[in-house]
Amino acid sequence: MDKTYQPNAIEQQWYKTWEESGYFKPSGDTEAKPYSIMIPPPNVTGSLHMGHGFQESIMDALIRYHRMQGDNTLWQVGTDHAGIATQMVVERLLAAEGVSRHDLGRDKFIEKVWEWKEKSGGTITRQLRRLGASPDWSRERFTMDDGFYKAVQEVFVKLYEDGLIYRGKRLVNWDPKFHTAISDLEVLNEEKQGHLWHFRYPLSDGSGHLVVATTRPETMLGDTAVAVHPEDERYKKLIGKTIKLPLTDREIPIIADDYVDREFGTGCVKITPAHDFNDYEMGQRHNLEMINILDADANLNDAVPEKYRGMERFAARTQIVDDLDALGLLEKVEPHTLKVPHGDRSGAVIEPWLTDQWYVKTQPLADEAIAAVENGSVNFVPKNYENMYFSWMRDIQDWCISRQLWWGHRIPAWYDKDGKVYVGRSEEEVREKHNLGSDINLRQDDDVLDTWFSSGLWTFGTLGWPEDTEALKAFHPSSVLVTGFDIIFFWVARMMMLTLYFKKEVPFSTVYVHGLVRDSHGQKMSKSKGNVLDPIDLIDGIDLESLVQKRTTGMMQPHLQEKIEKQTRKEFPEGIESYGTDALRYTFYSLASTGRDIKFDVGRIEGFRNFCNKIWNASRYVLQNCEGHDCGQDNSSDFELTVADRWIISQLQRTEITVREAMDSYRFDLASQALYDFIWSEYCSWYLELSKPVLWDDNASDAVKKGTRRTLIRVLETILRLVHPLMPYITEEIWQRVKTLAGAEGETIMLQHYPEPNANKVDEEAEAAIAWLKQVIEGVRNIRGEMNISPAKKIPLILRGGSSRDQELLEQARSLLIKLASLEEITWLESGEAAPASATALVGDMELLVPMAGLIDVKAESARLQKEIDKLSKELARVEGKLNNPKFVDKAPEAVVAKEKDKLAEMKGAQERLQQQLEEISNL
RNA sequence: AGACCCGUAGCUCAGUUGGUUAGAGCGCUGCCUUGACAUGGCAGAGGUCAGCGGUUCAAAUCCGCUCGGGUCUACCA
């Protein structure tokens with residue numbers, strides 16, 4: 001074995017072996033408990049970012065953990081066609097060649113997208129493999145594969161037939177850049193400094209004017225009313241009169257509506273039903289005319305006076321303000337903060353626009369989805385995300401599902417020449433069902449469905465629905481959904497609604513919500529900030545120049561390039577080292593406490609790379625001492641266990657309990673911490689050291705040596721299985737070398753049984769003995785450290801004061817102590833017997849004395865003792881105060897009081913001894 | 001405007017139902033190339049648990065308020 005662990009030497013090879021051997025597939029054991037996770041399908045043309053890395057690592061840990069427990073385990077993998085995002089990428093590529101999608105036409109363009117999908121579609125799945133992810137690749141799906149077409153059509157048609165999908169002319173969020181409607185969720189509101197313009201609107205009868213305030217002057221050309229509050233004394237008498245709308249020749253009514261806030265602005269509101277969601281509703285209530293003044297590009301259309309036709313919306317705004325000002329109708333302009341809606345993909349300012357769209361009537365679906373969480377059929381981890389889910393679900397709006405895109409599931413609806421709509425699974429079915437002969441021309445709806453409509457079917461669509469498959473029976477509902485809070489509404493909510501409706505069961509029983517991966521300063525990672533880390537670079541490493549190159553090419557804002565380059569050179573002067581997959585994964589787990597965002601610090605991953613190396617070297621030691629020896633691999637029983645053996649076995653049981661509890665409650669941070677502590681601080685730091693005196697002792701019996709070797713190798717083998725779900729590669733590599741010596745069999749650690757704690761192996765006696773031993777050794781080390789005695793120098797140790805129990809423990813551990821503490825000899829002094837000038841430490845009632853024979857620095861030793869005494873006195877006072885408080889003694893549980901009393905006695909004894917030692921030193 | 005989360009060592013974070021002298025990693029200081037590992041070992045420094053008030057025998061932990069940071073939802077033209 002190499003002296004240091006080299007992850008890149010083994011990772012890809014092991015992955016290949018696993019995949020080719022079919023280890024990722026469900027066992028198919030129908031007697032076993034089923035366990036399944038459906039991957040949140042990443043964008044097919046995407047590449048892996050830290051968020052994926054985090055998410056997939058968590059899923060893989062769960063999957064491997066359950067697979068090792070013998071569950072019939074399925075990790076369903078696949079990718080999403082991601083409508084807008086993908087279309088955008090391909091359009092941008094075409095634009096670089098000077099071609100627009102309209103130049104190509106629909107069919108050709110879609111062909112191009114498929115080509116792009118074939119070319120780049122493998123990127124993310126290849127990267128997923130690098131993470132060691134173990135999904136069943138043979139079942140990989142795509143949200144636009146044939147099966148999904150079938151499922152989507154089925155769902156659309158059924159919902160339509162059940163009256164839950166309808167088509168209607170409504171105001172939608174229109175993206176003027178992509179020329180498509182988008183759902184409320186795809187709109188981001190950004191706060192911006194704007195203006196509030198006050199305009200005078202003259203009354204038709206010439207008796208004066210009203211002043212309206214608006215943030216969007218250009219929409220005034222589409223005004224069809226002015227509204228005031230019905231109880232507003234200022235305007236009450238004007239209700240029913242009309243306004244002569246400036247710049248147009250239209251007369252519009254003054255109406256009364258509660259919606260108007262008398263306090264805001266002037267208390268008069270211009271109403272533009274075709275371009276504002278609130279105005280639209282008011283228009284419905286009052287039967288107002290709707291005048292659409294914008295075209296698909298959000299330029300002014302022919303419904304406005306000639307002067308403004310074809311103008312861009314913001315140019316029109318300026319023009320209209322100028323024109324009204326020229327007419328003396330601009331009363332004032334105030335600064336005003338407002339929220340401006342943007343498309344989440346395009347970044348364009350969204351226009352409320354009147355179009356025909358398809359909608360899902362969500363209320364009835366939402367009711368079921370709410371109930372499922374209320375009655376505990378679905379649990380969120382952490383629980384507080386249920387609030388978020390409820391608040392959105394309870395106030396849900398109908399879902400606009402049509403998109404004016406080309407890439408996606410085309411809506412299964414056809415129109416005849418009169419515009420009558422027919423919905424069906426295919427044109428043939430529609431013709432047959434409605435008796436439409438071949439002479440009647442049918443045209444399919446041009447629109448496609450919102451991406452989330454198909455991904456909403458993910459949990460059952462991937463298992464073969466609408467066919468009633470074995471997989472569906474075995475693996476649905478899935479066990480847990482692992483996802484970020486940012487798509488609870490987009491995806492989780494939609495899956496809940498659609499799955500409950502079509503499967504009459506929940507899609508998953510638990511939703512584990514993880515946080516966002518941020519940079520080490522808590523900033524969101526983004527290309528424009530130049531702080532993006534690529535998981536693959538952390539695995540393989542990357543030199544500085546390549547990293548700078550990567551971060552500064554293809555920037556949307558090239559002017560940031562210099563800043564990013566500087567920042568990158570400062571943060572990673574040596575580039576990024578290769579840490580390996582296991583270290584990366586372990587970093588994610590250690591930071592994955594419930595729900596909160598994680599700040600990714602390269603210092604952490606380095607620490608866990610070192611941890612891998614620690615495991616590697618511990619294994620080297622174990623193998624060096626076991627290979628070629630009888631370690632009980634034949635399961636014979638002629639061995640003897642030392643107290644150290646019994647102790648580490650006992651600690652192992654406790655670790656297994658902790659790790660299992662942590663894994664079962666999604667506390668990957670606690671699991672990783674428990675393993676780290678046990679492996680490094682107990683197994684490596686103590687047990688390996690304790691084993692040396694035994695193995696190197698010529699006088700030790702074969703039975704004892706065998707017991708120690710057996711324990712070394714078997715505990716190691718168990719550790720590997722315990723850690724495997726978190727660090728798959730290093731554990732497999734070492735396990736292969738260890739398995740035979742440990743008496744284990746099998747081709748892969750992946751399919752071994754996950755360790756189960758055995759209560760009979762918990763040995764409190766051994767634990768107490770080793771705890772005592774550690775304290776003595778630490779006491780001696782402390783003296784060495786403080787007194788500057790070289791660790792190599794052998795020193796005598798004198799013990800004084802302790803109990804017969806201490807003497808017993810000493811005899812049991814004498815030889816270990818001598819070796820581990822590097823002692824010359826240990827002598828026991830009867831209490832009261834005079835001791836030489838010594839540096840001292842305490843273990844319970846027992847004093848440790850290290851004779852200093854004139855070397856002692858009286859001042860330093862006194863100071864050290866005084867420090868101890870002061871510390872003790874402080875705590876002593878606290879405990880005494882507590883015990884002198886009758887209320888505490890009366891009311892606190894007996895056990896707590898007893899504990900405090902013991903503590904008091906112990907501290908008093910310790911204080912006395914320290915005081916005495918101080919005196920002895922001072923007398924020198 | 002509502003709702004939620006967070007504030008613990010210089011940094012990143014544990015601390016599950018109140019009850020050992022509040023822990024870990026990184027960083028820092030000193031010592032050590034001891035035969036698994038310098039990607040290591042040993043020792044050490046460092047915290048009024050954001051602040052105030054309350055409940056309790058007992059509060060980092062429960063309650064209220066304040067300050068600071070973050071997120072989501074809904075929005076007034």
Side-chain angles (χ1 to χ4, degrees), chain A residues 1 3-5 189 196 212-216 219 227 259-261 263-272 276-279 336 338-339 382 384-385 387-388 390-392 395 485-486 488-489 515-516 520-522 577 579 583 590-591 593 595-604 606-625 661 665 667 669-670 673 676-677 681 684-685 688-689 692 696 778 781-786 788-792 822 871-872 874-876 878-879 882 885-893 895-897 899-900 902-903 907:
Chain A
M1 280 175 92
K3 199 172 169 185
T4 51
Y5 173 55
N189 289 302
L196 192 57
V212 298
T214 181
T215 56
R216 302 202 50 196
T219 63
Y259 160 77
V260 179
D261 178 356
E263 309 300 319
F264 188 88
T266 59
C268 301
V269 189
K270 61 186 273 307
I271 303 300
T272 322
D276 181 280
F277 288 99
N278 288 309
D279 291 8
H336 182 71
L338 73 164
K339 295 273 179 74
N384 53 297
Y385 283 102
N387 293 328
M388 195 166 141
F390 283 136
S391 67
W392 189 72
D395 189 31
F485 62 90
D486 49 330
I488 288 183
F489 307 139
L516 215 65
S520 58
H521 309 289
E577 276 184 76
Y579 297 111
S590 73
L591 294 168
S593 56
R596 65 194 285 173
D597 286 354
I598 66 175
K599 297 183 191 173
F600 194 92
D601 187 354
V602 177
R604 283 302 279 257
E606 193 176 331
F608 293 122
R609 188 268 319 260
N610 297 352
F611 179 49
C612 289
N613 192 52
K614 192 74 183 175
I615 294 174
W616 184 258
N617 274 291
S619 307
R620 273 203 326 141
Y621 166 80
V622 173
L623 287 170
Q624 278 163 17
N625 285 285
E661 277 172 5
S665 54
R667 289 303 304 269
D669 57 331
L670 299 182
Q673 182 71 40
Y676 186 95
D677 286 346
S681 310
C684 294
S685 293
L688 260 44
E689 295 308 318
K692 289 174 185 173
W696 299 347
E778 278 165 353
R781 280 180 187 165
N782 181 283
I783 290 169
R784 278 185 195 274
E786 298 283 341
N788 263 322
I789 304 168
S790 153
S822 189
K871 208 167 122 193
L872 213 49
K874 235 186 192 168
E875 186 54 23
L876 203 59
R878 210 180 64 90
V879 176
K882 221 172 178 179
N885 181 352
K887 284 181 183 168
F888 171 71
V889 181
D890 285 354
K891 294 196 178 179
V896 175
V897 178
K899 215 169 176 183
E900 291 294 316
D902 287 352
K903 196 160 69 178
M907 284 191 299

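Chain identifiers are assigned alphabetically (A, B, ...) following the order of the sequence lines, protein sequences preceding nucleic acid strands; residue numbering begins at 1 within each chain.
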Query raised in the report: If we take the C1' atom in both B:G68 and B:A22, what is their distance in whole Å?
Result: 23 Å
Requested in this report: Could you tell me the separation between the CG atom of A:Asn782 and the C1' atom of B:C31, rounded to a whole number of Å?
Outcome: 14 Å
**Report entry** Salt bridge present between A:Glu900 and A:Lys903 (N-O < 4.0 angstrom)
**Finding:** yes
**Report entry** Protein-nucleotide distance (A:Asp276, atom CG; B:A77, atom P), rounded to Å
**Finding:** 9 Å
Query raised in the report: Taking any strand in view, what nucleotide pairs with B:C62 in a Watson-Crick or G-U wobble way, both distances under 3.5 Å?
Result: B:G54
Query raised in the report: Nearest-Å distance, CZ (A:Phe485) to C1' (B:A3)?
Result: 15 Å
Query raised in the report: Between the main-chain N or O of A:Thr272 and the side-chain N or O of A:Asp276, is there a donor-acceptor pair closer than 3.5 Å?
Result: no
**Report entry** Atom P, compared across B:U17 and B:C63: separation rounded to whole Å
**Finding:** 11 Å
Report task. Classify the angle between the aromatic ring planes of A:Phe611 and A:Tyr676 as parallel (below 30°), tilted (30 to 60°) or perpendicular (above 60°). Result -> tilted
Report task. Establish, from distance only, whether the side-chain atoms of A:Asn782 and A:Glu778 form a donor-acceptor pair under 3.5 Å. Result -> no
Report summary line: In whole angstroms, the gap separating P of B:G44 from CZ of A:Arg781 amounts to 11 Å
Query - C1' spacing across the pair B:A9 / B:A45, given as an integer number of angstrom - result: 11 Å
Query raised in the report: Is any side-chain N of the basic residue among A:Glu577 and A:Arg609 closer than 4.0 Å to the acidic one's carboxylate O?
Result: yes
Requested in this report: Return the orientation label for the A:Tyr385 and A:Phe485 ring planes: parallel under 30°, perpendicular over 60°, tilted otherwise.
Outcome: parallel
Report summary line: Between CD of A:Glu778 and P of B:G44 the distance, given in whole Å, is 9 Å
Query raised in the report: Checking only heavy atoms, does the side chain of A:Glu689 share a donor-acceptor pair with the base of B:A36 at less than 3.5 Å?
Result: yes
Requested in this report: Under a 3.5 Å limit for both distances, which nucleotide forms a Watson-Crick or G-U wobble pair with B:A1, could you say?
Outcome: B:U73
Query raised in the report: With both distances under 3.5 angstrom, what nucleotide forms a Watson-Crick or G-U wobble pair with B:C11?
Result: B:G25
Query raised in the report: Roughly how far apart, to the nearest Å, are B:U55 and B:G41 at atom P?
Result: 50 Å
**Report entry** Watson-Crick or G-U wobble partner of B:A38, both distances under 3.5 Å
**Finding:** none
Query raised in the report: In whole angstrom, what separates A:Leu516's CG from B:G69's P?
Result: 20 Å
Query raised in the report: When all nucleic acid strands are considered with a 4.0 Å heavy-atom cut-off, which category describes A:Cys684: base, sugar-phosphate, or nothing?
Result: base
Report task. Look at the side chain of A:Lys3 and the base of B:C37, then say whether one donor and one acceptor between them are separated by less than 3.5 Å. Result -> no
Query raised in the report: Between B:C42, B:A77, B:U39, which one does the side chain of A:Ser685 approach most closely?
Result: B:C42
Report summary line: Testing B:G40, B:C37, B:A77 for proximity to the side chain of A:Asn610, the answer is B:G40
Query raised in the report: Between atom CD1 in A:Ile488 and atom P in B:U73, what is the gap in whole Å?
Result: 11 Å
**Report entry** Complementary nucleotide of B:G68, counting Watson-Crick and G-U pairs under 3.5 Å
**Finding:** B:C6
**Report entry** Nucleotide B:C37, atom C1' - distance to CD1 of A:Ile615 in whole Å
**Finding:** 12 Å
Report task. With a 3.5 angstrom cut-off on both distances, give the Watson-Crick or G-U wobble partner of B:U20, or none if there isn't one. Result -> none
Query raised in the report: NA contact type, A:Lys599, heavy-atom cut-off 4.0 Å: base, sugar-phosphate, or nothing?
Result: sugar-phosphate
